[in-house]
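Just so we're clear, the structure is a prediction, and the values are computed from it rather than from any experiment. Order of appearance sets the numbers: ligands from 1, and atoms from 1 within every ligand.
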Amino acid sequence: MSVMKKKKLIAGNWKMNGSLAANEALLKALLQDIGAPACDVAVCVPAPYLAQVQALAAGSPIAVGAQDLSAQPQGAFTGEQSALMLKDFGVRYAIVGHSERRQYHGESDELVAAKTAAALANGITPIVCVGETLAQREAGETEEVVKRQLAAVIHVNGHCISEIVVAYEPVWAIGTGKTATPEQAQAVHAVLRAQLHHAASDHADGIRILYGGSMNAANAAELLAQPDIDGGLIGGASLKAPDFLQIIAAAR
Ligand code: PGA
């Protein structure tokens, strides 16, 4: 259980959604009503729109994030974006190891750990995603899976592990409307917190562990009230300004 009061983080994950016009409308609606939020706020946008969103969000409480980055510094890696390139666009956060990348792009625990290292080396805060599938949960493997995923990241990044953000995203809850109950989420967050304590005893309470998976305006407050839930990684609901703003308001 976390004893230190830290600012929560609400990060939108737009996934492969948006257009110049839609992004502008969404950002304008957010900026109009966001005020001075009690939490940190970010939107993780598709790479082609980084410049647009950086310009729209400049000087505002909304930080810009990427959805992925290369583990490599530069060179012959067609289609990839390096941490330094993201830095050029003012990127503060990068989602790493999202389950959709693990599933559709075959990203291994080792690659996720290497991407985490690339982000940290360049001053980008990685939002490291872990989470079990429905089959793994039903087989009683949830703890084992999330611990294995986080252990790979700790193994490579142990010296600066306090700089990461972790996101627990049960795969069965992503985009399905089936949220983990606050108790289910808290139980896994406590496991992850204990693992972080083991790796970084002095700093583990300061590491933010976000919940993600069908978090929305209606269920956010209850999830965010759990002692080890330090924010949210929001997919679908981050595309609707009123919903995203309500989640932000719930994070205090
Ligand atoms: P969701 O997505 O909120 O649409 O379930 C969350 C995520 O995949 O990060």
**Student:** From L233 CG over to I209 CD1, what is the distance, rounded to the nearest 0.5 angstrom?
**Tutor:**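 Rounded to the nearest 0.5 Å, the CG-CD1 separation comes to 14.0 Å.
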**Student:** Check each atom of ligand 1 against the heavy atoms of G213 and keep those under 4.0 Å away; list them by number with element.
**Tutor:**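 Those qualifying, in numeric order: 5 (O).
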**Student:** Could you report the tightest heavy-atom contact between I124 and Y93, atom names first, then the distance?
**Tutor:**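 Closest pair (atom of I124, atom of Y93, distance): CG2-C, 3.7 Å.
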**Student:** To the closest 0.5 Å, what do you measure between CG (D230) and CG (D40)?
**Tutor:**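 Interatomic distance, D230 CG to D40 CG, rounded to 0.5 Å: 11.5 Å.
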**Student:** Salt-bridge test for E144 and R148: reply yes if a basic N is under 4.0 Å from a carboxylate O, no otherwise.
**Tutor:**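 Salt bridge flag = no for R148 with E144.
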**Student:** Taking all heavy atoms of G175 and all of S214, pick out the closest pair and write down the distance.
**Tutor:**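 What the structure gives for the nearest pair is N-OG, 3.8 Å.
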**Student:** Among all protein heavy atoms, pick out the one at the shortest distance from atom 9 (O) of ligand 1; state its residue, atom name and that distance to 0.1 Å.
**Tutor:**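 In this structure, atom 9 (O) of ligand 1 has E169 OE2, 2.7 Å as its nearest protein heavy atom.
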**Student:** Looking at ligand 1, does G175 have a heavy atom less than 4.0 Å from it?
**Tutor:**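 Contact present.
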**Student:** Would you say ligand 1 has an N or O under 3.5 Å from any N or O of M215?
**Tutor:**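 M215 vs ligand 1: no N/O contact under 3.5 Å.
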**Student:** List every atom of ligand 1 that sits less than 4.0 Å from any heavy atom of G236, numbering the atoms from 1 in the order shown and giving each element.
**Tutor:**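 With G236 as reference, the close atoms of ligand 1 come out as 1 (P), 3 (O), 4 (O).
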**Student:** If we only count N/O pairs under 3.5 Å, is T176 in contact with ligand 1?
**Tutor:**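 In fact, backbone or side chain, T176 has no N or O that close.
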**Student:** At a 4.0 Å cut-off, with the gap strictly under it, does some heavy atom of A173 reach an atom of ligand 1?
**Tutor:**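 A173: in contact with ligand 1 (<4.0 Å).
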**Student:** With nothing but distance in play, are any N or O atoms of G235 less than 3.5 Å from an N or O of ligand 1?
**Tutor:**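 Yes, G235 has an N/O under 3.5 Å of an N/O on ligand 1.
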**Student:** Enumerate the atoms of ligand 1 whose separation from the nearest heavy atom of H98 is less than 4.0 angstrom.
**Tutor:**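 Checking each atom against H98, I get 7 (C), 8 (O), 9 (O).
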**Student:** Enumerate the atoms of ligand 1 whose separation from the nearest heavy atom of K15 is less than 4.0 angstrom.
**Tutor:**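 It comes down to these atoms of ligand 1: 2 (O), 7 (C), 8 (O).
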**Student:** Tell me whether the count of non-hydrogen atoms from other residues, nucleotides or ligands lying under 6.0 Å of CD in Q74 goes above 12.
**Tutor:**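 No, not enclosed.
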**Student:** Do the non-hydrogen side-chain atoms of Q186 and L223 ever get within less than 4.5 Å of each other?
**Tutor:**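 Side-chain contact under 4.5 Å: no.
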**Student:** Is G212 close enough to touch ligand 1? Criterion: a residue heavy atom under 4.0 Å from a ligand atom.
**Tutor:**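 It does not; every heavy atom stays at 4.0 Å or beyond.
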**Student:** Hey, what's the ring geometry for H189 with Y168, parallel, tilted or perpendicular (30° and 60° as the breaks)?
**Tutor:**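 Ring orientation, 0 to 90° scale: perpendicular.
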**Student:** With no hydrogens and no angle check, just 3.5 Å: does a side-chain donor-acceptor pair link Q149 and D109?
**Tutor:**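 D109 and Q149 do not have a side-chain donor-acceptor pair below 3.5 Å.
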**Student:** Could you tell me whether I174 approaches ligand 1 through its side chain, its backbone, both or neither, with non-hydrogen atoms closer than 4.0 Å?
**Tutor:**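 It is both parts that get close, each with some atom under 4.0 Å.
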**Student:** Show the atoms of ligand 1 that are less than 4.0 angstrom away from any heavy atom in L233.
**Tutor:**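 Listed by number with element: 6 (C), 9 (O).
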